[in-house]
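Can you read through this structure? Questions will come right after.
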Amino acid sequence: MNKDIYLSNSLGGKKEKFIPINPKKVRMYVCGPTVYDDPHIGNARPLVVFDILFKVLKCKYGKSSVLYARNITDVDDKIIDGAKKKNISIDKLTKDITKRFDDDCDYLNCEKPSFEPKATENIPLMIDMINVLIKKNNAYENKSHVYFNVSSFKDYGKLSNKNVDELFAGARVEVSENKKRPEDFVLWKPSTEDEPGWDSPWGRGRPGWHIECSAMSKKFLGDTFDIHGGGRDLLFPHHENEIAQSRCANENKPLSNYWIHNGFITVSNEKMAKSQGNVFKIKDFYEKYNGQVLRLALMSTHYRQAMDWNENLLTQSKKTLDKWYECQKKPEGKVLIPDDDLAPLYDDLNTPGYISNIHKLYDKAAKGSEKDKEIFTTACNFIGLLTEPKSKWLEFKKNILEISEEEILQKIKDRNTARDNKNYQLADEIRNELLDKGILIEDKDDKTTWKIK
RNA sequence: GGUAACGUGGCGGAAUGGUUACGCAGAGGAUUGCAAAUCCUUGUAUCCCGGUUCGAUUCCGGGCGUUACCUCCA
């Protein structure tokens, strides 16, 4: 499609036309998971949002012209704590959770990014960058710690709209005696014997939280790239700090031209948080819902809005997919989505607007030609829906049934006998009984068919 | 306290300086033994108060309310 892509840029707070640095090499970096616990639906949102952005970019610039990097943070204090709590090794914990994360991505039908670098595999790069920052007087060492000197970077606070003096004037920031100023943040800290550590000019230790993204994005995407994404909460301090580190280390070159942040998921209108006890893990849904149901649910709200997660949302999504599967037809050859229908996705990833268009394409397909069904299916496929055959969709539903197929068929037989005898009361009883078990029967012409509700 | 975002029908959720998409639910009808499915038809909404305007839900100001970030967090 010839249309331009527009994106809401957190840097500046406006929707802007997306102009890549090099249309033959569009580059996007998204902050990935810290592998200390099973991913939850809050993690699922950016996975799906940026998966769609990845698809949209590829659609516009060509499949091989888009690079997408998403890091895996496998060294962090939360990981150390998590391993202690579970009484397993750090290595086992990070491997297990990384595997879980991969499974969750598959479940949600997210494409693999071009790169998925791990922090622990790039420690030397971080050490190099910290060295550069120290040389340039943007960082200082004190007692085996290295801190970034925030006052050395005059644009600090520009992304998150914060005034450094005001921000840190109060007593809310943890004050460490090692730091010169409260706003300074750690680039490197020492590790004890039993903590993971790497040798460095400042002794055995490990990197601070922010430096990995600066080091790895530089390695895989270069000093300046097009899009940097993540959850809203990362805007400050994480992304602010990334900018400070990267620009100071890279001759003040911008880190990313566009900053995209997705909104939060709430549960019963309250923030989902461990302290609230309302965290839904992605794997908790494996049994009950096909991953597409979650995917559609996550797309039903614009990515910047807060969205409330509840049963009704999933029920509706499931129902919609059930309906849509009726018109699934695998496209033969190349089928194009009409520009007007695709347009909302180009306009700041307006997924609800796009879904609305899919509904219209469905209406057409439901009564129209095979070609219309192919267009409809292609439109669904584009956002990662209806990609698996209908048989699989039905199979999933069958697997969660509590009644066997033989029993169902027997009941239907019984009911039809009752109907033949005009014993409609018994017939209706049997139907209701099946309905209670999630089986819907339909009398069509002379045949009775059944399906899972 | 500082910085932001948001407030659209019963629910979810877009868009817009002038008939307010779309889905779910609801209502009526066709169909049916009754249903289901399908098809047709259909009602209902822009937090409040000012301002700009021929006209605002949309722009501006104020208020009220909700939420987030400012501390680990997607």
Side-chain angles (χ1 to χ4, degrees), chain A residues 8 10 13 30-34 36-37 39-50 76-78 81 157 160-174 183 209 229-238 240 261-266 269-275 279 282 296-308 310 312-313 315-320 322-324 326 344 347-348 350-360 362-363 366-367 415 418-420 422-425 427-428 431-432 434-435 439-445 448-451 453:
Chain A
S8 284
S10 302
V30 174
C31 289
T34 300
Y36 72 107
D37 202 357
H40 50 71
I41 50 168
N43 303 102
R45 194 168 189 194
L47 288 176
V48 170
V49 166
F50 292 103
D76 184 89
D77 287 359
K78 288 197 292 293
D81 293 345
S160 53
N161 246 318
K162 289 186 189 306
N163 176 312
V164 184
D165 296 335
E166 283 172 14
L167 186 56
F168 294 96
R172 298 196 64 175
V173 179
E174 180 201 352
E183 65 266 33
W209 174 33
R232 261 216 101 65
D233 55 323
L234 294 180
L235 205 136
F236 186 90
H238 184 53
E240 198 71 69
H261 293 100
N262 64 270
F264 262 61
I265 283 178
T266 57
N269 289 313
E270 278 181 6
K271 185 180 168 180
M272 192 176 66
K274 280 195 175 160
S275 53
V279 174
I282 297 172
L296 178 58
L298 288 165
M299 292 188 288
S300 68
T301 300
H302 186 97
Y303 75 92
R304 296 175 65 220
Q305 302 276 14
M307 82 178 295
D308 199 55
N310 54 60
N312 187 35
L313 176 70
T315 311
Q316 271 202 30
S317 298
K318 186 175 161 231
K319 206 168 174 175
T320 301
D322 257 326
K323 185 172 124 181
W324 284 358
E326 294 297 318
D347 184 10
D348 200 23
N350 184 352
T351 47
Y354 183 70
I355 289 168
S356 160
N357 287 344
I358 292 182
H359 280 294
K360 288 174 194 163
Y362 169 85
D363 285 342
K367 59 182 101 162
R415 174 171 167 271
R419 287 173 74 212
D420 289 342
K422 298 224 188 291
N423 186 351
Y424 293 122
Q425 198 188 337
D428 289 351
R431 184 182 40 228
N432 287 331
L434 283 170
L435 199 59
I439 304 299
L440 205 64
I441 42 183
E442 298 176 5
D443 302 321
K444 245 185 242 162
D445 303 324
T448 299
T449 57
W450 64 278
K451 65 182 186 186
K453 211 170 103 187

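All values below were derived from every heavy atom in this structure, side-chain atoms included, with hydrogens, water molecules and symmetry-related copies excluded.
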CZ/Phe264(A) to CD/Gln305(A) distance, rounded to the nearest 0.5 angstrom?
14.5 Å
Does Lys323(A) have a side-chain nitrogen or oxygen under 4.0 Å from the phosphate oxygens OP1 or OP2 of A37(B)?
no
Looking at A74(B), A37(B), G2(B), which one has an atom nearest to any side-chain atom of Lys162(A)?
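In terms of side-chain proximity for Lys162(A), the closest of A74(B), A37(B), G2(B) is G2(B).
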Rounding to an integer number of Å, can you tell me how far Leu234(A) CG sits from C72(B) P?
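So the CG-P distance, Leu234(A) to C72(B), works out to 12 Å.
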Using a cut-off of less than 4.0 Å, is there contact between a side-chain N or O of Asn43(A) and OP1 or OP2 of A74(B)?
yes
Regarding Gly231(A), tell me which of base, sugar-phosphate or nothing describes its non-hydrogen contacts under 4.0 Å with the strands shown.
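Contact class for Gly231(A): sugar-phosphate only.
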At 4.0 Å (heavy atoms only), tell me whether Lys422(A) reaches a base, stays on the sugar-phosphate, or touches nothing.
nothing
Contact class for Ile265(A) vs. all strands (heavy atom < 4.0 Å): base, sugar-phosphate, or nothing?
base
Nearest 0.5 Å, what's the CD1-CD1 distance between Ile41(A) and Ile265(A)?
4.5 Å
Provide the distance between the two P atoms, one in C34(B) and one in A30(B), to the nearest whole Å.
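Taking atom P in both C34(B) and A30(B), they lie 11 Å apart.
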Of all the nucleotides listed (C22(B), C24(B), C72(B)), which has the minimum atom distance to the side chain of Lys78(A)?
C72(B)
With rounding to whole Å, what would you report as the distance between C60(B) and U52(B) at their C1' atoms?
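Their C1' atoms lie roughly 7 Å apart.
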G55(B) and C70(B), which share atom name P, separated by this distance in whole Å
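Comparing P positions in C70(B) and G55(B) gives a spacing of 45 Å.
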Tell me what Lys318(A) touches on the nucleic acid: a base, only sugar-phosphate, or nothing, going by heavy atoms under 4.0 Å.
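Result for Lys318(A) = nothing.
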Roughly, in whole Å, what's the span from CD1 in Ile441(A) to P in A35(B)?
14 Å
Could you work out the separation of G10(B) and A27(B) based on their C1' atoms and round it to a whole Å?
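Per the computed distance, 13 Å lies between those C1' atoms.
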State the CG-CG distance between Leu435(A) and Leu440(A), to the nearest 0.5 angstrom.
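It is 6.0 Å, given to the nearest 0.5 Å.
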Between Glu240(A) and Lys162(A), is the closest basic N to carboxylate O distance under 4.0 Å?
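So Lys162(A) does not pair with Glu240(A) through a salt bridge.
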Verdict with reasoning, Val49(A) to Leu298(A), per side-chain contact (heavy atoms from CB on, under 4.5 Å)
CA-CA 8 Å; Val49(A) 166; Leu298(A) 288 165; over 6 Å; no
Taking G9(B) as the reference, what is the distance to U58(B) when you measure between their P atoms (whole Å, please)?
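It works out to 15 Å between them.
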Separation of the C1' atoms in C47(B) and U67(B), to the nearest angstrom
16 Å
Measure the distance from CG on Leu235(A) to P on A68(B) and round it to the nearest whole Å.
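So the two atoms are 16 Å apart, to the nearest Å.
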note: Ile439(A), atom CD1; A37(B), atom C1'; distance rounded to Å ~ 16 Å
Report the nucleotide, chosen from A4(B), C22(B), A37(B), that has the shortest atom-to-atom distance to any side-chain atom of Arg232(A).
A4(B)
What is the distance from OH of Tyr354(A) to C1' of A21(B), rounded to the nearest Å?
17 Å
Protein-nucleotide distance (Asp322(A), atom CG; C24(B), atom C1'), rounded to Å
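For the pair Asp322(A) CG and C24(B) C1', the rounded distance is 14 Å.
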Which whole number of Å gives the distance between the C1' atom of A45(B) and that of A56(B)?
16 Å
For Asp428(A), what residues pass the side chain to side chain donor-acceptor pair (under 3.5 Å) criterion, not counting sequence neighbours?
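Asp428(A) satisfies side chain to side chain donor-acceptor pair (under 3.5 Å) with Arg431(A) only.
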Tell which nucleotide pairs with A56(B), taking only Watson-Crick or G-U wobble pairs whose two distances are both under 3.5 angstrom.
none
So, does Asn43(A) use its side chain to make a donor-acceptor pair with the main chain of His40(A) at under 3.5 Å?
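Side chain of Asn43(A) to backbone of His40(A), a donor-acceptor pair under 3.5 Å: yes, one is there.
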With respect to the side chain of Lys360(A), which nucleotide from A74(B), A4(B), A21(B) is positioned closest?
A21(B)
Toward the 5' end of RNA chain B, by each residue's nearest nucleotide, Ile355(A) or Gly13(A):
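The residue closer to the strand's 5' end, by nearest nucleotide, is Gly13(A).
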Result for 5'-nearest mapping on RNA chain B, choosing between Leu440(A) and Arg304(A), is Arg304(A)
Measure from CE on Met299(A) to C1' on G23(B) and round the result to the nearest Å.
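Checked: the CE to C1' distance equals 14 Å.
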Euclidean distance for C1', G26(B) against U44(B) (whole angstrom)
10 Å
In Å, rounded to the nearest 0.5 Å, how long is the span from CE of Met307(A) to OG of Ser300(A)?
4.0 Å
Applying the Watson-Crick and G-U wobble criteria at under 3.5 Å, what pairs with A30(B)? Answer none if nothing qualifies.
U38(B)
Looking across every strand, which nucleic acid part, if any, lies under 4.0 Å from Lys444(A) by heavy atom: base, sugar-phosphate, or nothing?
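The answer is nothing, as Lys444(A) stays clear of every strand by at least 4.0 Å.
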Classify Ile41(A) by what it touches in the nucleic acid, base, sugar-phosphate, or nothing, heavy-atom distance under 4.0 Å.
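No contact.
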Tell me whether Ser356(A) contacts the main-chain N or O of Pro352(A) through its side chain, where contact means a donor paired with an acceptor under 3.5 Å.
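Not a single qualifying donor-acceptor pair exists.
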With the sugar-phosphate defined as primed atoms, P, OP1 and OP2, and the base as all remaining atoms, what B/S/- string results for nucleotides 25-33 of chain B, 5' to 3', for protein heavy atoms under 4.0 Å?
S-------B
Main chain of Asn350(A), side chain of Asp348(A): is a donor-acceptor contact present, judged purely on distance under 3.5 Å?
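It does not hold such a pair.
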Now, which nucleotide makes the Watson-Crick or G-U wobble pair with U66(B), with each of the two distances under 3.5 Å?
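The answer is A5(B), by the H-bond criterion.
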Rounded at 0.5 Å granularity, tell me how far CZ in Arg232(A) sits from CG in Asn262(A).
9.0 Å
Can you give one letter per nucleotide of nucleotides 10-15 of chain B, going 5' to 3': B for a protein heavy atom under 4.0 Å from the base, S for sugar-phosphate only, - for none?
-S-SSS
Can you tell me the base-pairing partner of U16(B)? Count Watson-Crick or G-U wobble geometry only, both distances below 3.5 Å, and say none if there is no partner.
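Per the H-bond distance test, none.
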What I want to find out is whether Arg419(A) reaches Asp443(A) closely enough, with some N-O distance under 4.0 Å, to be called a salt bridge.
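Yes.
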Integer-rounded Å distance: U71(B) P and Phe236(A) CZ:
6 Å
